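Read through the structure below, which is laid out as structure tokens, and then see the notes.
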Amino acid sequence: MNDVPSPTDTLPAAAAGRPEPAAELRHDFRAAEPRWQAEWERRGCFAVPDVPDGSRPKYYVLEMFPYPSGKIHMGHVRNYTLGDVVARYKRARGHQVLHPMGWDAFGLPAENAARDRGVHPAAWTYQNIANMRAELKRMGLSLDWSREFATCDPEYYGQQQRLFVRLMRAGLVERRESWVNWDPVDNTVLANEQVIDGRGWRSGAPVEKKRLSQWFFAITKYAPALLAALDDLPRWPERVKTMQANWIGRSEGARVRFPLVEPVAGPEGRITEAEVFTTRPDTLFGMSFLAVAPEHPIAAAVAARDPKAAEFVAECRALGTSEAAIEQAEKRGYDTGLRVAHPFIEGATFPVWIANFVLMEYGTGAIFACPAGDQRDLDFARKYGLPVLPVVRPADAGEDFTVGDTAFTDDGIAFNSGFLDGLPTAEAKLAAIAKLEELGAGTRVVNWRLRDWGVSRQRYWGCPIPVIHCDSCGAVPVPEDQLPVRLPEDVDFSRPGNPLDHHPTWKHVACPSCGAPARRETDTCDTFVDSSWYFARFTAPRAGEPLVRAAADGWMPVDQYIGGIEHAILHLLYSRFFTRALHDTGELAAEEPFAGLFTQGMVTHASYRAADGRWLYPAEVEVRADGTAVARETGKAVTVGRGEKMSKSKNNTVDPGGIIDRYGADTARWFILSDNPPDRDMEWSEAGVAGASRFTQRLYRLVAGAAGGLPAPEAPLTAEPGSAARKLRQATHRTIAAVTEALEGFNFNVAVARLYELTNAVGEASGGEASGDAAPALGAARREALETLARLSAPMMPHLAEELWSLLRPAGRDGGAEALVAELDWPEADPALLAADTVKLAVQVLGKLRATIEVPVGTPEAEVLARAEAEENVQRAIDGRPIRKRIHVPGRIVNFVV
RNA sequence: GCCCCCGUGGCGGAACGGUAGACGCGGCGGACUCAAAAUCCGCGGCCGCAAGGCGUGGGAGUUCGAGUCUCCCCGGGGGCACCA
């Protein structure tokens, strides 16, 4: 990688031809890191049983498992470092910690590799996994690797097929024909969640509408539960919950039936009425027209007999998916000539239009329009000269209230509305619904934006849907004793379309039910299905059943889940649904998969773009002192982008492997944690890593230089009040408390800062060496401080922590009996040492700082106030005025009000 | 358009309603060195010689006291979006 300086100036210094001062005081991470990784492995520090044994409270830490693209990137490093801090900390706090790793291994890139390079998807995927596993292992993560699996293992997807047929039997999987989002580049269907701004989430191609037979998971059955349960997830970020709530999209209103004055012949029989969904039944008296979506059966019925209508519908469909339509969003309509009767106004009828702004997917695909109360309806009415009758006025407006080009959409008072006149909006809604129900013209309903989850994908490299289509028996689930339905290995990727469908023999099978010739389902599952239950599978990854109750119920839910915000909706919502479905089919007890969720920020890096649009590598650019930059080759100015997400296309990636080669895993981990709060985007910088590296060396030197001269570990910790030893002990114990609090709150950057402070304090305490009786006490205090540093930094820099610990407790070196830091409990802060002996108080006059005084803790208030008042600056600020009030917050502040 | 989050030194960022800027990066000065690197020591919000004054996007408010709480505005980021 070009922006990683060459390794010639790296450690050890001797390699670069420099003198190597005090070699024994240089931390050689290249030797130490693999050594400690091997020792953790040898001692089985991170392995746990399938069923938590109850000796300690369980804690399940999980990071979103990676897609095996071939190399780990900095986002992975950040993700897994954050998780490892939590895992190691919780382990030290006495929990039995499950911390597994696996691979989200199905997906289109493997098929693309097969097509472009002639490698089989399985070979490509497993090779990538091998590469990435080796990279991850170098990070020193405290993982139970014995639980590793890939979703493309037949042992995994076979169990998933088992779940599929069980969910099918439970009525949670359905096959039906529907309009689907078709990605013309990837040649497959996309879920609604995978369409972003009208384009496929992977290919970026404009999505087309197609009508196909598809498999659906009945996520809508869980819409109310998925929404309500968000309130019971206190350890989830608010914004993720908000995004999910918006996506589920609950709205209260009414369904209203409008009888057609003359019924029409639709494609599936006579249509006698139009049903609409509305959230504003209180505005029914302001109705101007009724509008249906171009895909609505009434539109189809009209189009069948009216060529102009047919033309309009065809135009809408063509435009419906193009970019232009999405951006322009011009409201257009066609008057069908049909009319509907009004439920409240005897004898009144209104025209029925086909309108391009009405969505077939939402509500009933038809609306009644009250232009005075809805901007879109108003725009439409003005364009086509339809009437506009205001029926809701602002509370402070009179009966003469009118609407111009802006609809009044707020709540107000009903008028021009018969029996609703004078009612505030909330009451008017209730009254209108009551009347509709009384007349049999409508009902109160709750409408949901969420659609069922279409999981069929016309791809090869995915979990085959375990169904067989039989002409007489229909869609028959594959019997469980015939699972897994394995992917065939001899497939042709050169032809477009679904390779499974092209396979000469694979799909031809006998019907499991009647034995007649039948066809295998050739669609595979959306890969989001694979990631919707992997967290539960980790609890018993080799079992012959999808889940083992004792294991799943023992470990689930995941106590702390960590990953990127980009999965706020898709993966997290699907997993929540799947967990509920598995709960309802008796597979596990948990109803929610993730009790705690943490969303990390991106890793960004500066980027450089030349005037011709080419992205330059950092090495091709000269950055000037004022922050501007020029291309080395041409001398022309380049645009400097601060903090852009690392991306190969922008040439601003940094390869984690190179960083670990040069600085070691601990330095990379430490920098990533220290830079900023983990939920924000962080900017990767060479200077920052170098600074982190300096600290690891400094800490090592501090411990290695002191270790030989320290008293034995058993030496008594005694320290006279006011002595240097006591001050150091207080700093140590305050650091324990502060780091603990910071780790609990995910404020890892603050934990790092506290460790810097303690390191500084130990360095200072060794400056003026104590003499006589004080020397042993200070020595013991220094041992305590250094041992504490090793133990508190272990979650973040686990290898260095072991190295330091082994210097301080040499019995553990090279496989000795001494415990490793990874096996130790978390240090306890001694409450008696948390408070200093004296405290500095700020003295304010009228809230402005005028002096600080230092008083012994516990000084009587009267004495504190007297000393504060006596300060010269305080007297000057008071300026002879009488003091009206004296405020004293012990240990914090004194404020005089004059 | 609706909803959410965020605005603090040159930079990343600290701060139970209680001394704003901890800690780090960069910078400056010094020591060591023939010199450099590494290391160590010191300085460091702004204005001012100083005394002092001003400072957490802007404006009001609550409070003895506001970066923190309330309201309005400005700016940045994100999510949803012809959602009836």
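A note on names: the letters A, B, ... follow the listed sequences, proteins ahead of strands, and every chain is numbered from 1. Note that this is a predicted model, so its numbers are computed, not measured.
- For A:Q844, the listed nucleotide lying nearest its side chain is B:G18; candidates were B:G12, B:G18, B:C25.
- One P atom belongs to B:C72, the other to B:C5, and the distance between them is 14 Å to the nearest Å.
- Set against B:G18, B:G79, B:A84, the side chain of A:I893 has B:G18 as its closest nucleotide.
- Straight-line distance from the CZ atom of A:F357 to the P atom of B:A81: 18 Å, rounded to whole Å.
- Of the P atoms belonging to B:A51 and B:G45, the separation is 15 Å, rounded to the nearest Å.
- In this structure, A:F289 has its ring center closer than 6.0 angstrom to the ring center of A:F380.
- Under the Watson-Crick or G-U wobble criterion, with both distances below 3.5 Å, B:C16 has no partner in any strand shown.
- In this structure, A:E741 atom CD and B:C23 atom C1' are separated by 16 Å, rounded to whole Å.
- On the C1' atoms, B:C16 is 14 Å away from B:C69, given to the nearest whole Å.
- Residue-level contact check: A:R376 touches the bases, meaning some heavy atom is under 4.0 Å from a base atom.
- The gap from the C1' atom of B:C46 to that of B:A35 amounts to 39 Å, rounded to the nearest Å.
- Considering only the side chain of A:N895, B:G65 comes nearest among B:C54, B:G65, B:C82.
- Here the side chain of A:I887 is nearest to one of B:C64, B:U19, B:G52, namely B:C64.
- Here B:A84 is the nucleotide among B:A14, B:G52, B:A84 with the atom lying nearest to any side-chain atom of A:T279.
- Taking only side-chain nitrogens and oxygens, A:N246 never comes nearer than 4.0 Å to OP1 or OP2 of B:C4.
- A gap of 42 Å separates the P atoms of B:C74 and B:C28, to the nearest Å.
- When Watson-Crick and G-U wobble pairs are counted only if both distances are under 3.5 Å, B:G45 pairs with B:C54.
- Backbone-only engagement by A:E757 is indicated by non-hydrogen atom pairs under 4.0 Å involving sugar-phosphate atoms exclusively.
- Annotation: B:A15 and B:U68 have their P atoms spaced 15 Å apart (nearest Å).
- Look at CD1 on A:I248: it is 14 Å from P on B:A81, rounded to the nearest Å.
- Taking the O4'-C1'-N9-C4 or O4'-C1'-N1-C2 dihedral as appropriate, B:G61 has a value more than 90° from 0 and is therefore anti.
- In this structure, B:G1 forms a base pair with B:C80, meeting either the Watson-Crick or the G-U wobble geometry with both donor-acceptor distances under 3.5 Å.
- Residue A:R680 has no polar side-chain atom (N or O) positioned under 4.0 Å from OP1 or OP2 of B:G77.
- With A:S693 contributing its side chain and A:V689 its backbone, the two residues share no donor-acceptor pair below 3.5 Å.
- Considering all non-hydrogen atoms of both residues, A:A355 and A:P294 come closest at O-CD, 3.4 Å.
- Under a cut-off of 6.0 angstrom, the local environment of NZ in A:K840 is sparse, with at most 12 non-hydrogen atoms contributed by other residues, nucleotides or ligands.
- A:F277 approaches A:G363 most closely through the heavy-atom pair CB-CA, 4.2 Å.
- Counting atom types as modelled, A:K331 pairs a side-chain N or O with a base atom of B:C82 as donor and acceptor under 3.5 Å.
- Checking the phosphate oxygens (OP1, OP2) of B:G24, a side-chain nitrogen or oxygen of A:N760 falls inside 4.0 Å.
- For A:V750, counting side-chain heavy atoms from C-beta on, the closest listed nucleotide (B:A84, B:G52, B:A15) is B:A15.
- A distance of 6.0 Å or more separates the ring centres of A:Y334 and A:W353.
- When rounded to the nearest whole Å, the span between CH2 of A:W670 and P of B:C25 equals 12 Å.
- Heavy-atom nearest nucleotides on RNA chain B were determined for A:R698 and for A:L359, and the one closer to the 5' end corresponds to A:R698.
- Using a 3.5 Å distance cut-off with no hydrogens or angles, the side chains of A:S674 and A:N749 do not pair a donor with an acceptor.
- Between A:T838 and A:E854, the side chains place a donor N or O and an acceptor N or O closer than 3.5 Å (distance only, hydrogens not considered).
- Spacing between atom CG of A:D379 and atom P of B:A81 amounts to 20 Å, rounded to whole angstrom units.
- At distances below 3.5 Å, not a single donor-acceptor pair connects side-chain atoms of A:N895 with backbone N or O atoms of A:I887.
- Across the C1' atoms, B:U8 and B:C54 are found 15 Å apart, a figure rounded to whole Å.
- Checking B:G78, B:A14, B:C40 against the side-chain heavy atoms of A:R239 singles out B:G78 as nearest.
- Of the listed nucleotides (B:G24, B:U39, B:C83), B:C83 has the atom at the smallest distance from the side chain of A:R449.
- Nucleic acid contact class of A:S674 (heavy atoms, under 4.0 Å, all strands): none.
- Residue A:R886 is classed as having no contact, given no heavy-atom separation below 4.0 Å to the nucleic acid.
- Counting any heavy atom pair closer than 4.0 Å across all strands shown, A:R850 reaches sugar-phosphate atoms only and no base atom.
- Residue contacts shown for A:R884 are absent, as no nucleic acid heavy atom lies under 4.0 Å away.
- Taking every side-chain heavy atom of A:S251 into account, B:A84 is the closest of B:C80, B:U39, B:A84.
- When the side-chain nitrogen and oxygen atoms of A:Y756 are compared with OP1 and OP2 of B:G24, none of them lie within a distance under 4.0 Å.
- Nucleotide B:A60 forms a Watson-Crick or G-U wobble pair with B:U70, both donor-acceptor distances falling under 3.5 Å.
- Between the CD1 atom of A:I565 and the C1' atom of B:C4 there is a distance of 10 Å, rounded to whole Å.
- If you take atom C1' in B:G13 and the same atom in B:A20, they sit 13 Å apart, rounded to whole Å.
- Summary of the strand contacts: A:M360 and A:N676 both lie near RNA chain B, and taking for each the nucleotide with the nearest heavy atom, the more 5' one is attributed to A:N676.
- Here A:R255 lies out of heavy-atom contact (under 4.0 Å) with every strand.
- Of the candidate nucleotides B:C25, B:C64, B:C80, B:C64 has the atom nearest to the side chain of A:K885.
- Within 6.0 Å of atom CD in A:E741, 12 or fewer heavy atoms from other residues, nucleotides or ligands are found, so the atom counts as exposed in its surroundings.
- One can place CG of A:L230 at 15 Å from C1' of B:C3, the figure rounded to the nearest angstrom.
- Base pairing annotation: B:G75 forms a Watson-Crick or G-U wobble pair with B:C6, both donor-acceptor distances under 3.5 Å.
- Atom CZ of A:F748 is separated from atom C1' of B:G13 by 16 Å (rounded to the nearest Å).
- Base contact: A:V358 has a heavy atom under 4.0 Å from a base atom.
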